[in-house]
Amino acid sequence: MQIFKVFMKVLKKRIRYAMLYVGIFLGIAIPMSLNSSNSGSTAEMFVKESRSKIGICIFDEDDTPESREFSDYLAEKYTIKELKNDEEVVMDSLFYMSVDRVISINKGFADRLAKGETEGIIDSRHMHESYNSMLLEQDINSYFSSVSAYIAGGEDALTASQSAKEALTADADVKVISFTDEGNADYPRDFAEYYRYMAYILIAAVIGTLCPVLMAMNNKEIRYRTNCSSLDSSSYTKQVLLGSAVFVIGVWLIFVIAGMILYGGVYKGRAWLAVLNSFIYTLVAGSITVFLSAFVNNMDIINFINQAVSLGMSFMCGVFVEQELLGAGVLSAARFMPAFWYIKANMLLDGTETFDSTKLMQYMLIEAAFAVVMALLTIVVSKARYNSTAPQKRTAPAVNNG
Amino acid sequence: MANTVVKINNLVKRYGELIALDHFSLDIKEGEVFGLLGPNGSGKTTTINCLLSLLAFDKGDIEVFGKEMTPTAYDIKKEIGVIMQNVAVYDELTVSENIDYFCGLYITDKEERRKCVEDAIKFVGLEDFRKFYPKKLSGGLLRRLNIACGIAHKPKLIILDEPTVAVDPQSRNNILEGIQELNKQGATIIYTSHYMEEVEQICTRIAIMDKGRKIAEGTKDELKRMIRNTETVNIEILNVSEDIIREISNLPHVYQADHDGEKLTVYCSGGKHNLIRILDVLQKHDMAFGRVYSELPTLNDVFLEITGKALRDKED
């Protein structure tokens, strides 16, 4: 086990990088997971947060109970700012973005609303088109649609306004509820966040730490010397792979155990399936690393690829931003990445999607297929590299030829 | 008669159209320091790679210690030590850990290995640097570590592939002395280089290679005897007439005389007192001259005469 021992010694010199990743991840992921349990999903948090940051000013020229209901409705969602009702002040405030929008409730608001008219009952001014303005417009439209619907249903304007306000305000607090309450208790959505972020950190930590070790082991001169020795070449390959496996599984175990602490005890039910899902993904991370080390021998390039792969895949596959918020084009491209299927499996387990064991199995098999493809690519690249270096010095690659 | 350690017979290695080794044969006896001399690209490293079964060849046979050499001939590989031009050690391991690792590729017994590592450290004089990491070592010390890693398992055959390239003169001398010491301890050495001075200094027998072929083989004296030149006389002198040059050319044992405007070069083949006879001619014509020196033939002269070109580039 001479090679294995040296692998571990080399790894020991680099392990602090892995520990740095682990530490940062645990430091960020745990509070985020805990926080998400109190605040709903990321999307909801994002929208809620966005609304609270929008500053609006309301001039109520009608000053009726109906207009006050409307003002109250907006005040519950947005930050109300006071301005002097002066054209110059209003324009300056909009220009310098001290308010995002100025809404004037025109005289006759209540009367026209009672008649079911919503056109021209308010004036809304803004200067900069943004996501915030669209959100506000959407809320105003929703409000008037609801009021109209209640009025059409026979309610008077004030009651309709109150009902609409109540309904739409309550609607903002609705959370995505699991379709499968039974299984979800074992793998609550807030805890699932932890496993979701793991898709990023596993790739980043494994590539960032294992690649330099494999590069050191695959160093051309050292391999030359090793190939000249009386050590069986297949034994070399096996020991390097064993060392890689020990590291990769070790990192995975740290995350699983840390997750257990967060979980509050030994995993139950579907949580074990999440552990299995993460294990398969760990194998994918390991196979990507071995593949990279087969043809890259520059640390700067490795760091660049690591960032591109780990961050790129995380952003595109729904690790940092939930898949339901991603565009169809992005998701179509993401289907060719293992993290996409990892997240899909995680969504099945946490109840975001209806649990289906066949689908889950399918997703995990797709992930595993990525690992197999990576292993095959490694063999192909290693052989090609082995043959291309033959005219100078025939140093066999670490992984397949030993 | 000494046993044959390495026997290469009619080795042919092609890279597409390029013939890297062209029916190359070699016999290396036990206890020899055998030099493979040739310019860059002459086929020295290819020969070594084929010998170590790191490179497949198209034709020929290689036997080491009387057995056919194959990629899985681990019993033969166990007796071979390899030291390359580039330092091949782990930056993450200390001096003794590195030596222990490479020794461990041959010797599994811990106690035996510990002793071998100690001996290797002492041999290369790295006793005070056991715990040092390679990055903390100077270039010379790093070379010593490289050698220690290659010889720690006490191989019977040691192959050194241009181990002194880009090495300072002091370290180079240390390396050459070390090689001679290893040979004294019983190891057979194969030494490849394009530095003729080194090969002349340490090798008991030499094969000169060019374009994948062996163009000459023998001891350094045997090789020098293969060529016409036995002595080259150089005289710093200005304005020598054609008549005087012709007269010198006609002296016994002189086969060529050239004057480049500043220096007269006279090539002699055999004979004694050539220098005196040449100086007599110059004195007879009352010619004033400066520095006079005589050179014995070198392996470069051998290579030059056989191939018509210098053994190594001027910058080497």
Side-chain angles (χ1 to χ4, degrees), chain A residues 1-17 209-240 243 247 297 299 383 385-398 401-402, chain B residues 13-16 18 20 41 45-46 48-57 69 71-94 97-98 100-108 110 113 133-135 146 149-150 152-153 155 157-159 161:
Chain A
M1 297 296 276
Q2 189 77 353
I3 309 293
F4 178 78
K5 280 183 199 164
V6 165
F7 183 96
M8 286 300 157
K9 277 181 185 169
V10 176
L11 179 64
K12 204 172 136 192
K13 296 274 169 193
R14 315 259 180 187
I15 201 74
R16 62 180 184 273
Y17 295 108
T209 313
L210 188 57
C211 243
V213 177
L214 288 174
M215 271 164 53
M217 299 302 290
N218 284 342
N219 174 282
K220 191 178 162 191
E221 272 75 35
I222 292 175
R223 287 310 317 274
Y224 182 83
R225 183 168 253 167
T226 310
N227 291 340
C228 293
S229 77
S230 57
L231 181 84
D232 185 347
S233 55
S234 66
S235 167
Y236 183 91
T237 305
K238 282 176 198 161
Q239 290 183 54
V240 169
F247 167 72
N297 50 16
M299 265 312 293
K383 276 202 186 292
R385 203 177 170 209
Y386 179 67
N387 292 332
S388 70
T389 56
Q392 291 84 41
K393 280 179 181 173
R394 189 164 164 179
T395 49
N401 292 311
Chain B
K13 172 66 192 171
R14 287 191 187 89
Y15 294 120
L18 178 80
T45 300
T46 304
I48 297 301
N49 285 344
C50 289
L51 172 61
L52 291 166
S53 270
L54 295 173
L55 195 58
F57 43 87
M69 186 65 180
T72 54
Y74 298 121
D75 55 334
I76 300 175
K77 286 184 173 183
K78 204 175 166 70
E79 304 295 344
I80 302 175
V82 182
I83 296 155
M84 295 145 298
Q85 177 182 329
N86 296 328
V87 175
V89 294
Y90 284 106
D91 288 337
E92 295 82 1
L93 304 185
T94 63
E97 283 172 341
N98 261 301
D100 181 69
Y101 166 72
F102 288 108
C103 188
L105 299 177
Y106 301 86
I107 298 169
T108 49
K110 258 189 182 175
R113 198 164 73 227
Y133 285 94
K135 281 191 174 165
N146 195 38
C149 291
H153 61 290
L157 172 64
I158 301 171
I159 298 170
D161 189 8

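Every chain is numbered from 1 and lettered A, B, ... according to where its sequence line falls, protein lines coming before strand lines.
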Test: salt bridge (charged side-chain N to carboxylate O under 4.0 Å, His left out). Region: residues 3-12 of chain A. Which pairs qualify, not counting sequence neighbours?
A:K9-B:E97
Any side-chain heavy atom of A:Y224 sitting closer than 4.5 Å to one from A:N219?
no
List the residues meeting salt bridge (charged side-chain N to carboxylate O under 4.0 Å, His left out) with B:E92, not counting sequence neighbours, and say none if there are none.
A:R14
Which residue out of B:F102, B:Y74, B:Y106 racks up the most heavy-atom pairs below 4.5 Å with chain A?
B:Y74
Would you say that more than 12 heavy atoms from the other residues, nucleotides or ligands in this model lie under 6.0 Å from the OH of A:Y17, or not?
no
Closest-packed option against chain A by number of heavy-atom pairs under 4.5 Å, given B:N146, B:T72, B:D100:
B:N146
Contacting moiety of B:I83, where chain A heavy atoms sit under 4.5 Å
both
What residue in B:V82, B:L52, B:D75, B:L18 has the most heavy-atom pairs under 4.5 Å with chain A?
B:V82
Atom group of B:R113 that falls short of 4.5 Å from chain A, counting heavy atoms
side chain
Donor on one side chain, acceptor on other, A:K13 and B:Y133, under 3.5 Å:
yes
Go through the atoms of A:T226 and report whether side chain, backbone, both or neither lie under 4.5 Å from a heavy atom of chain B.
both
